[in-house]
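Data first, discussion second: the structure below is written as structure tokens.
Keep in mind the model is a prediction, meaning the values are calculated, not measured. Within every chain, numbering begins at 1; the chains are lettered A, B, ... in the order of the sequence lines, protein sequences first and strands thereafter.
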Amino acid sequence: MAEYSALEKIRLQKIEELRAEGIDPYPTRAERTHTSAQVIAEFEAAGISTDPAANEVKATLAGRIRASRAMGKVSFAHIEDSAGRIQLFFRINELGKDRVDFFNRMFDLGDFIQASGVMFRTKTGEITLHVHDFKLLAKSITPLPADKDVTQEDGTVIRYAALESPEIRARQRYADLAVNPEVRETFRKRAALIKALRTFLDDHEFLEVETPILQPLYGGAAARPFMTHHNELEQDMYLRISFELYLKRLLVGNLERVYEIGRDFRNEGVSFKHNPEFTQLEFYWAYADYLQVMELTEQMVAYAAEEVTDSTTVKFGEHVLDFKPPWKRVEMRQGILETSGIDFAEHKTAEALFKAIKHKQPKAAPDPKSTRGKLIDFLLSEFLEPTLIQPTFLYNYPRDISPLAKSIPGDPLTVERFEGYVAGFELCNAFTELNDPLDQEQRFLEMGRDYAADDKEKHPLDEDYLRAMRYGMPPNGGFGMGVDRLAMLLVNKHSIRDVLLFPALRQEEFGE
RNA sequence: GGGCGCGUAGCUCAAUGGCAGAGCAGCGGCCUUUUAAGCCGUUUGUUGAGGGUUCGAGUCCCUCCGCGCUCACCA
């Protein structure tokens, strides 16, 4: 059972009084005719007319009370709906003293109210509803976190209070949304982003598909999975860590361009750019290679930026990011050479590369047990990544950290792969997909060996995927992107939690 | 998982080891065009939880819980 605070007890008392007076504090229906924005637009348009009769704008509005000022025989209140705020004006002339008193006595900040009347402009010019009738739509028991503060006695110190606790904002997103309109705006932009990505891919003749979230095997990435169990089938199942292997099966089935936007689940650490479940976009494009995917990517992201922010240049922290194509392209070997002074191509084994790193960068601390690919990855994240602020494609990756990508012709150690970096972090990852089933089987086996050597869970070998490949898979380019990360960039938020409505948090204790 | 930091009223925050406070919100008044309304009066606390040191703990120590930052992990 909830423990009620003193403030809540007062409001519960009001609910009882309302019921005693025969008033339902939670009536079933509302009769709104306009949103706040609609009625303001209509009133402004009517004002232009020369016909006085057309100037009267009647409306029934509904929303949450966010401010109220009782002044004896008149009262003002502001209500908020999803479109904005609008002022209500209550006066005894129209309503009578009892009704105005009733409003002042029984209505609290946070309550939902419906009010009917005629629009007018106050002395100070604010477009306001002159209330002729009103009713309670829903009583609020728990006060919303107050969202303002005051002038101090010395007259100089001014402070605004708002709901700021990151924990409460994330845990009680409903309260955060209710009191922080800019949070609502963030999530509208997120929705616009996903819509834009969909529109772009639809317009490029990609087919949107849905593949299993609950999978008998997991694959397509190197993360640890969440496990569960199907009782009736008596088998363990996994939440997917990527869509890749299912989407590529569809290419075998002659669906030439497919994409999916959905949730991936990775049982890994949580950080400002990692949440255990996150939204991924992947597409696969038959007869294309990674260079074509690169061009489509920069067009798609620029289109999304334009749709969401009306511009391809976006402010992100101290940076102004420019998504306009073409993005900068940096060959990985070259980029690492320029930022770390090490040319990994000259060091063909892990031991040699490790020595070179210790020699050139004595302060760096790579793991001595790393494979050569891991060492290159270390150089990338340590030296090159932080320099990649403007959208940049980093391309040509070491083969042994890219088991699903195709080698560059004539260069078996390097694969046709790129990652898009923005603001120093990875946004997307793509390659010319490996479509040779025999090579793929070999890579899976190598990967299994790596994992076994690591004494971690062995990566499962997906026999059904290999069977699909053996029917023949067209050459194709594939792409994956963290949609939450793109959302962060476009709304200028520096934590993934700020673009997730309900980010993962430890279970809250509610006590006995 | 490691390191650092934080947790005080509904919200934002104070309080040298010495009476737990302020503003807003709330409650009671006054006020017929206010809008961060104003004026008068007034209530509100398991200081995250538990233990310890001390004449005395919000403050110092220990354990636990939660959150933040960071490192590790993370193709």
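- Within the structure, salt bridge (Lys or Arg N to Asp or Glu O under 4.0 Å) pairs that include any residue of residues 87-99 of chain A comprise A:Arg91-A:Glu94, A:Lys97-A:Asp101, A:Arg99-A:Asp133 (at least two apart or interchain).
- Taking only side-chain nitrogens and oxygens, A:Arg497 comes nearer than 4.0 Å to OP1 or OP2 of B:G68.
- The partner of B:G1, taking Watson-Crick or G-U wobble pairs whose two distances both stay under 3.5 Å, is B:C71.
- The side chain of A:Phe272 lies closest to B:U70, out of B:G10, B:G66, B:U70.
- A heavy atom closer than 4.0 Å to some atom of RNA chain B occurs in A:Phe120, A:Thr122, A:Lys123, these being the qualifying members of residues 116-123 of chain A.
- Partners of A:Phe479 under the ring-ring contact (aromatic ring centres under 6.0 Å, His included) rule, at least two apart in sequence or in another chain, are A:Phe283.
- Whole-Å rounding puts the A:Ile127 CD1 to B:U34 P distance at 17 Å.
- With B:A25, B:C67, B:U32 as the candidates, the nucleotide lying closest to the side chain of A:Leu7 is B:A25.
- Summarising the base pairing, B:G7 is matched to B:C65 through a Watson-Crick or G-U wobble pair whose two defining distances lie under 3.5 Å.
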Identify each atom pair where a protein N or O and an N or O of nucleotides 3-5 of chain B are less than 3.5 Å apart, giving names and distance.
none

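- In this view, A:His274 satisfies the ring-ring contact (aromatic ring centres under 6.0 Å, His included) rule with no residue, not counting sequence neighbours.
- A:Arg417 comes within 4.0 angstrom of sugar-phosphate atoms only, judged by non-hydrogen atoms across all strands, and of no base.
- When A:Leu379, A:Leu375, A:Leu380 are each tested for a side-chain contact (heavy atoms from CB on, under 4.5 Å) with A:Asp377, only one passes: A:Leu380.
- Contact annotation: A:Arg69 side-chain N/O to B:U34 OP1/OP2 distance is not under 4.0 Å.
- By the salt bridge (Lys or Arg N to Asp or Glu O under 4.0 Å) test, A:Arg266 pairs with no residue at all, sequence neighbours left out.
- Not a single donor-acceptor pair, N or O on each side, falls under 3.5 Å between the base of B:U33 and the side chain of A:Glu126.
- No donor-acceptor contact under 3.5 angstrom links the side chains of A:Tyr465 and A:Glu463, judged on distance only.
- B:G41 is paired with B:C27 under the criterion used here, namely a Watson-Crick or G-U wobble arrangement in which both key atom distances are under 3.5 Å.
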